[in-house]
*Asks:* 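To start, I am sharing the structure in question, which I have written as structure tokens.
Note that these values count all heavy atoms, side chains included, but never hydrogens, waters or copies made by symmetry. Just so it is clear, the structure is predicted and the values come from calculations on it, not from any experiment.
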Amino acid sequence: MQENTVNAALTQEQNILSVRGLQKSFDGLCVLKDISLDVEKGNVVSIIGPSGSGKSTLLRCVSFLEQADGGDILYDGQYALRGGIYAPKAELARFRTRFGLVFQNFQLFPHYSVLKNISEAPILHGEDKEEVRERAMGLIAKMGLEGKENAYPYQLSGGQQQRVAIARALAMRPEILFFDEPTSALDPELTGEVLKVIRQLAEEKMTMVVVTHEMPFAKAVSNRVIFMAGGVIVEQGDPQAVFENPREERTKQFLRVFER
């Protein structure tokens with residue numbers, strides 16, 4: 001028994017993120033029911049499922065935007081939430097530096113230029129301004145936004161705004177990136193721009209959790225796919241297995257919609 005406990009602890013420490021028995025309710029309605037998952041360093045985990053299945057709530061809980069009602073959340077084997085009790089505020093602040101968030105509606109500061117949107121957070125965290133500016137300019141180039149550093153969000157397309165949002169998240173040098181339906185507000189052409197960037201990050205072994213309705217993307221890029229419905233993980237596994245040979249009837253029903 002003791003050896004099994006030690007092995008489980010070692011496994012958790014090898015994961016950037018571990019979730020155990022996570023629960024969340026809103027006004028008596030249970031939205032997350034006993035959710036458990038692991039995200040290993042360098043992996044891409046895609047979370048798919050119908051609207052209202054709890055996907056976005058899960059991301060909001062592991063990023064502390066929502067307060068979970070129970071369960072454990074660990075980053076690098078350290079408890080941010082244990083048995084429904086959160087770590088002290090100072091520790092949570094340190095945990096927040098480990099991840100970056102990219103939302104479906106960009107959430108850029110409209111009165112900041114592209115450069116300032118990307119560089120503001122690291123500077124506020126005490127980093128050297130010139131080093132941050134150099135890093136930000138590198139990210140602007142990486143996102144294919146050369147020449148846009150002085151532009152404001154209203155002057156950019158939706159795809160460009162989302163690429164700025166990704167650069168802003170990367171500017172903090174996070175260990176893991178969370179994407180909450182990053183292409184849902186974009187038309188098909190702009191969706192391709194953003195998915196190309198995420199594919200590039202996957203090739204660079206950036207650890208990512210992506211809530212998405214882009215099934216071909218999830219199949220091609222993910223190391224693991226999680227299918228959620230009704231607040232539970234119905235099925236998870238290798239993308240080929242989940243998409244081509246799902247075990248659960250609920251998964252089969254969901255995927256049939258995308259085959260039409």
*Asks:* Using the rule that two of Ile, Leu, Val, Met, Phe, Trp, Tyr join whenever any of their side-chain heavy atoms come within less than 4.5 Å, decide whether L17 and I233 are in one cluster.
*Replies:* yes
*Asks:* Output the distance between atom OG (S119) and atom CD (E131), rounded to the nearest 0.5 Å.
*Replies:* 13.5 Å
*Asks:* By side-chain hydrogen bond (donor to acceptor under 3.5 Å, both in side chains), which residues pair with R250, not counting sequence neighbours?
*Replies:* none
*Asks:* Between S184 and Q104, which heavy-atom pair has the shortest distance, and what is it?
*Replies:* OG-OE1, 2.9 Å
*Asks:* What residues, two or more places apart in sequence or in another chain, satisfy ring-ring contact (aromatic ring centres under 6.0 Å, His included) together with F99?
*Replies:* F64, Y75, F178
*Asks:* Applying ring-ring contact (aromatic ring centres under 6.0 Å, His included), name anything that partners F217, two or more places apart in sequence or on another chain.
*Replies:* none
*Asks:* I'd like to know if E214 pairs up with K196 as an ion pair, taking the criterion as any Lys NZ or Arg NE/NH1/NH2 lying under 4.0 Å from an Asp or Glu carboxylate oxygen.
*Replies:* no
*Asks:* Check the hydrophobic clustering (I, L, V, M, F, W, Y; side-chain heavy atoms under 4.5 Å; chains of links allowed) and say if V225 and L195 are grouped together.
*Replies:* no
*Asks:* To the nearest 0.5 angstrom, please state how far the CG atom of N150 sits from the CG atom of L115.
*Replies:* 7.0 Å
*Asks:* Partners of Y152 by ring-ring contact (aromatic ring centres under 6.0 Å, His included), sequence neighbours excluded?
*Replies:* none
*Asks:* Has the side chain of D72 got a donor or acceptor atom that lies under 3.5 Å from a matching backbone atom of G83?
*Replies:* yes
*Asks:* Determine the minimum heavy-atom distance between P182 and I198, stating which atoms define it.
*Replies:* CG-CD1, 3.9 Å
*Asks:* Is a side-chain N or O of Y112 found less than 3.5 angstrom from the main chain of I118, in a donor-acceptor match?
*Replies:* no
*Asks:* Is a side-chain N or O of E235 found less than 3.5 angstrom from the main chain of E248, in a donor-acceptor match?
*Replies:* yes
*Asks:* Is there a path of hydrophobic side-chain contacts, each under 4.5 Å between heavy atoms, that joins F103 and L108?
*Replies:* no
*Asks:* Carefully, step by step, assess R133 and D128 under the rule salt bridge (Lys or Arg N to Asp or Glu O under 4.0 Å).
*Replies:* CA-CA 9 Å; R133 187 183 189 282; D128 180 78; over 6 Å; no
*Asks:* Name the one of T207, V44, L177 that satisfies side-chain contact (heavy atoms from CB on, under 4.5 Å) with L201?
*Replies:* L177
*Asks:* Please name all residues satisfying side-chain hydrogen bond (donor to acceptor under 3.5 Å, both in side chains) with T97, sequence neighbours left out, ordered by chain then number.
*Replies:* none
*Asks:* With sequence neighbours excluded, tell me which residues meet salt bridge (Lys or Arg N to Asp or Glu O under 4.0 Å) with E149.
*Replies:* none
*Asks:* List for me each residue that meets salt bridge (Lys or Arg N to Asp or Glu O under 4.0 Å) alongside R82, sequence neighbours excluded, and say none if there are none.
*Replies:* none
*Asks:* After noting the C-alpha distance and the side-chain angles of V209 and L58, does the key distance pass the side-chain contact (heavy atoms from CB on, under 4.5 Å) rule?
*Replies:* CA-CA 11 Å; V209 178; L58 172 58; over 6 Å; no
*Asks:* Do I166 and V114 belong to the same hydrophobic cluster, where Ile, Leu, Val, Met, Phe, Trp and Tyr are linked whenever their side-chain heavy atoms lie under 4.5 Å apart, directly or via other members?
*Replies:* yes
*Asks:* Can you establish whether the number of heavy atoms outside E189 located under 6.0 Å from its atom CD is more than 12?
*Replies:* no
*Asks:* Identify the heavy atoms of A87 and F95 that sit nearest to each other, and give their distance.
*Replies:* CB-CE1, 4.3 Å
*Asks:* Could you give the distance from OG1 (T191) to NE2 (H213), rounded to the nearest 0.5 Å?
*Replies:* 12.0 Å
*Asks:* Checking F179 now: which residues fulfil ring-ring contact (aromatic ring centres under 6.0 Å, His included) with it, not counting sequence neighbours?
*Replies:* none
*Asks:* Between L145 and L156, does a side-chain contact (heavy atoms from CB on, under 4.5 Å) hold up when you go through it step by step?
*Replies:* CA-CA 10 Å; L145 295 167; L156 305 176; 5.5 Å; no
*Asks:* Which heavy atom of L255 sits nearest to which heavy atom of P246, and what is that distance?
*Replies:* CD1-CG, 4.2 Å
*Asks:* Going by atom type alone, with no hydrogens or angles, which donor-acceptor pairs under 3.5 Å involve a side-chain atom of residues 23-36 and a protein atom two or more places apart or on another chain?
*Replies:*
residue: K24; atom: NZ; partner: Q67; partner atom: O; Å: 2.7
residue: K33; atom: NZ; partner: G230; partner atom: O; Å: 3.4
residue: S36; atom: OG; partner: G21; partner atom: N; Å: 2.9

*Asks:* For the backbone of D38 and the side chain of R224, can you confirm whether one donor and one acceptor N or O come within less than 3.5 Å of each other?
*Replies:* yes
*Asks:* Would Q78 and R94 count as a side chain to side chain donor-acceptor pair (under 3.5 Å) here? Give the steps.
*Replies:* CA-CA 11 Å; Q78 298 178 321; R94 286 194 291 272; over 6 Å; no
*Asks:* For S157 and Q160, indicate whether the former's side chain and the latter's backbone hold a donor-acceptor pair under 3.5 Å.
*Replies:* yes
*Asks:* Identify, with sequence neighbours excluded, every residue that meets side-chain hydrogen bond (donor to acceptor under 3.5 Å, both in side chains) alongside E244.
*Replies:* K219, Q240
*Asks:* To the nearest 0.5 Å, tell me how far Q236 CD sits from M228 CE.
*Replies:* 10.5 Å
*Asks:* In chain order, what residues pass the side-chain hydrogen bond (donor to acceptor under 3.5 Å, both in side chains) check against K142, with sequence neighbours excluded?
*Replies:* E204
*Asks:* Per the side-chain contact (heavy atoms from CB on, under 4.5 Å) rule, which among T251, I48, D238 passes with F243?
*Replies:* I48
*Asks:* Show me the pairs that pass side-chain hydrogen bond (donor to acceptor under 3.5 Å, both in side chains) and involve residues 39-60, at least two apart or across chains.
*Replies:* S46-S222, S53-K55, S56-D180, R60-E66
*Asks:* To check you understand the geometry: which heavy-atom pair defines the closest contact between A167 and L139, and what is its length?
*Replies:* O-CD1, 3.5 Å
*Asks:* Could you report the tightest heavy-atom contact between L22 and V19, atom names first, then the distance?
*Replies:* CB-CG1, 3.6 Å
